[in-house]
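Data first, discussion second: the structure below is written as structure tokens.
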Amino acid sequence: MPITLKITPPLEGVLCITLNRSEVMNALNTQLLGELADTLSDADSDDKVRAVVITGNTKAFAAGADINEMAERDLVGMLEDPRQHHWKTITHFRKPIIAAVNGYALGGGCELAMHADIIIAGENALFGQPEINLGIMPGAGGTQRLLRAVGKSLATQMVLTGEPISARRAFEAGLVSEITQPELTLERAKAIALHIASKAPLAVRLARESLHKAMDTDLATGLRFERHAFTLLAGTADREEGIRAFQEKRPATFQGH
Ligand code: CAA
């Protein structure tokens, strides 16, 4: 049973994970990252889970890696750090993740939010990569995903100055898709997750994979992947059901095959 997370059992296809180290602004220690990776790994093979919401509390989504834990690691410790394995598991999770972010999303916290497919931010959210203030740099995708999300100039400014940006700025830059009042952030993220969970799971999976390709490949390769994925879906019962439901003017019921 995880102790650094609170987990709500899947409801209508949505699993909700709350980071639960509020006494240290949800600093991501190895135990928390490991529990998160294990939870996602289980959810990946659980048909009852079709989308995941990850959230923190009103003050902090997560204020980054646990600095006290990091202080104890030397070069060899960093090279053998199990955290890399946990990040990899989180990266390879195959279902949509919605991050509901209030308060601080700093360092590894900002990087965790950027592992999500969609970020919903409360008006009080602050996104930043302050590692430079500690004499280090982002190490869980912060230089790569942030640059792709907000562009070169703003990403460079954030990483090299360590200064965070507001929810509004993050919205304008394309890092987050919606801003809400802080008390509504989780509710809104859950509503979006529920909406996605009601769609055909295989179509969601392949559409998501195709979107990810846009981040890490050239246009021609991405278009080829998209066409293959689109064609593959022609073999699914859910495609038949979706089209028939449209023609019969009724809501579709997707089974996931
Ligand atoms: N690691 C460990 N403890 C942390 C922490 C962190 N990242 N962030 C906050 N805390 C702890 C504080 O030490 C404090 O503990 P005590 O009550 O025992 O003193 C408690 O959380 C509350 O924090 P503050 O008193 O500092 O609260 P504040 O409102 O004054 O400031 C803050 C909040 C701006 C988030 C500030 O705590 C802060 O700057 N935190 C560090 C942010 C940071 O540098 N993150 C990057 C870490 S490196 C990294 O993330 C690399 C990576 O993943 C690859």
Side-chain angles (χ1 to χ4, degrees), residues 2-6 17-40 54-93 97 99-116 119 121-150 154-170 175-176 182 185:
I3 54 173
T4 60
L5 307 174
K6 280 191 216 150
I17 301 173
T18 305
L19 309 181
N20 188 31
R21 296 189 77 217
S22 55
E23 68 287 0
V24 284
M25 301 272 170
N26 286 333
L28 305 169
N29 64 358
T30 304
Q31 182 179 359
L32 187 155
L33 269 190
E35 290 181 354
L36 182 58
D38 289 348
T39 303
L40 291 178
I54 300 181
T55 194
N57 55 55
T58 40
K59 273 195 186 157
F61 176 72
D66 189 309
I67 297 172
N68 298 320
E69 187 185 63
M70 215 164 52
E72 289 165 13
R73 290 229 163 87
D74 57 9
L75 176 59
V76 177
M78 293 303 272
L79 282 172
E80 289 171 359
D81 195 345
R83 299 167 62 86
Q84 297 172 42
H85 175 70
H86 300 327
W87 279 117
K88 209 176 269 178
T89 305
I90 297 167
T91 303
H92 291 128
F93 182 61
I97 299 178
V101 177
N102 282 329
Y104 298 108
L106 302 178
C110 186
E111 290 168 316
L112 177 60
M114 289 191 291
H115 275 72
I119 304 177
E123 283 157 351
N124 66 343
L126 278 178
F127 296 86
Q129 298 290 159
E131 289 90 340
I132 203 82
N133 298 326
L134 302 169
I136 56 171
M137 59 175 281
T143 59
Q144 303 303 301
R145 292 195 179 88
L146 188 63
L147 189 137
R148 284 165 170 77
V150 306
L154 181 56
T156 305
Q157 188 174 329
M158 289 171 69
V159 170
L160 298 190
T161 68
E163 284 295 307
I165 58 170
S166 66
R168 173 67 42 197
R169 188 81 206 275
L175 179 62
V176 312
T185 315

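Order of appearance sets the numbers: ligands from 1, and atoms from 1 within every ligand. No experiment lies behind these values; they were computed from the predicted model shown.
The two residues Glu111 and Ala140 have their closest heavy-atom pair at OE2-N, 2.8 Å. The two atoms that bring Leu160 and Ile132 nearest to each other are O-CG2, 3.7 Å, heavy atoms only. The minimum heavy-atom distance linking Cys110 with Gly128 is given by the pair CB-O, 3.5 Å. The two residues Leu32 and Ala27 have their closest heavy-atom pair at CD1-O, 4.1 Å. Pro82 and Arg73 get closest at one heavy-atom pair: CD-NH2, 4.3 Å. Among all heavy-atom pairs drawn from Ala105 and Val101, the shortest one is CB-CG1, 3.8 Å.
Scanning all protein heavy atoms for the shortest distance to atom 8 (N) of ligand 1 gives Ala63 CB, 3.6 Å. Nearest protein heavy-atom neighbour of atom 7 (N) of ligand 1: Ala65 O, 2.9 Å. At the top of the distance list for atom 33 (C) of ligand 1, counting protein heavy atoms only, stands Tyr104 CE1, 3.6 Å. For atom 41 (C) of ligand 1, the nearest protein heavy atom (residue, atom name, distance) is Ile67 CD1, 3.8 Å. Nearest non-hydrogen protein atom to atom 4 (C) of ligand 1 is Val24 O, 3.8 Å. Of the protein's non-hydrogen atoms, the one nearest atom 39 (O) of ligand 1 is Leu106 CD1, 4.7 Å.
For atom 18 (O) of ligand 1, the nearest protein heavy atom is 4.0 Å or more away. Remark: atom 45 (N) of ligand 1 lies closer than 4.0 Å to at least one protein heavy atom. There is no protein heavy atom less than 4.0 angstrom from atom 30 (O) of ligand 1. In this structure, atom 54 (C) of ligand 1 has protein heavy atoms in its sub-4.0 angstrom surroundings. Remark: atom 13 (O) of ligand 1 lies closer than 4.0 Å to no protein heavy atom. Taking a distance limit of 4.0 Å, we find that atom 37 (O) of ligand 1 is approached by no protein heavy atom. For atom 26 (O) of ligand 1, no protein heavy-atom neighbour is found at a distance under 4.0 Å.
Set against the non-hydrogen atoms of Glu23, the atoms of ligand 1 under 4.0 Å away are 20 (C), 21 (O). Within ligand 1, counting atoms from 1 as listed, the ones closer than 4.0 Å to a heavy atom of Gly108 are 49 (C), 50 (O), 53 (O). Numbered from 1 in the order shown, with element, the atoms of ligand 1 that lie under 4.0 Å from a heavy atom of Gly64 read 50 (O).
Judged purely by atom type and a 3.5 angstrom limit, Asn29 has no side-chain atom pairing as donor or acceptor with the backbone of Asp66. Remark: side-chain polar atoms of Glu35 are not paired, donor with acceptor, to backbone N or O of Pro2 under 3.5 angstrom.
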- Message: Using the rule given for side-chain contact (heavy atoms from CB on, under 4.5 Å), can you reason through Met114 versus Leu175, listing the C-alpha separation, both sets of side-chain angles and the distance that settles it, and then say yes or no?
- Response: CA-CA 8 Å; Met114 289 191 291; Leu175 179 62; 3.8 Å; yes

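For ligand 1, none of its N or O atoms has an N or O atom of Ile136 under 3.5 Å away. The distance criterion of under 3.5 Å between nitrogen or oxygen atoms is not met by Ala27 with respect to ligand 1. On a distance-only criterion, Gly139 and ligand 1 share no N/O pair closer than 3.5 Å.
Between Asn133 atom CG and Thr161 atom OG1 the span is 8.0 Å, to the nearest 0.5 Å.
Around atom 22 (C) of ligand 1, the closest heavy atom drawn from Met25, Glu111, Glu131 belongs to Met25.
The only option from Ile90, Leu19, Thr39 that meets the side chain to side chain contact (heavy atoms under 4.5 Å, CB included) definition with Ile54 turns out to be Leu19.
Phe127 places a side-chain heavy atom less than 4.5 Å from the side chain of Val176.
For the residue pair Asn57 and Ser22, no side-chain donor N or O sits within less than 3.5 Å of a side-chain acceptor on the partner.
Using 4.0 Å as the threshold, Pro130 has a heavy atom nearer than that to some atom of ligand 1.
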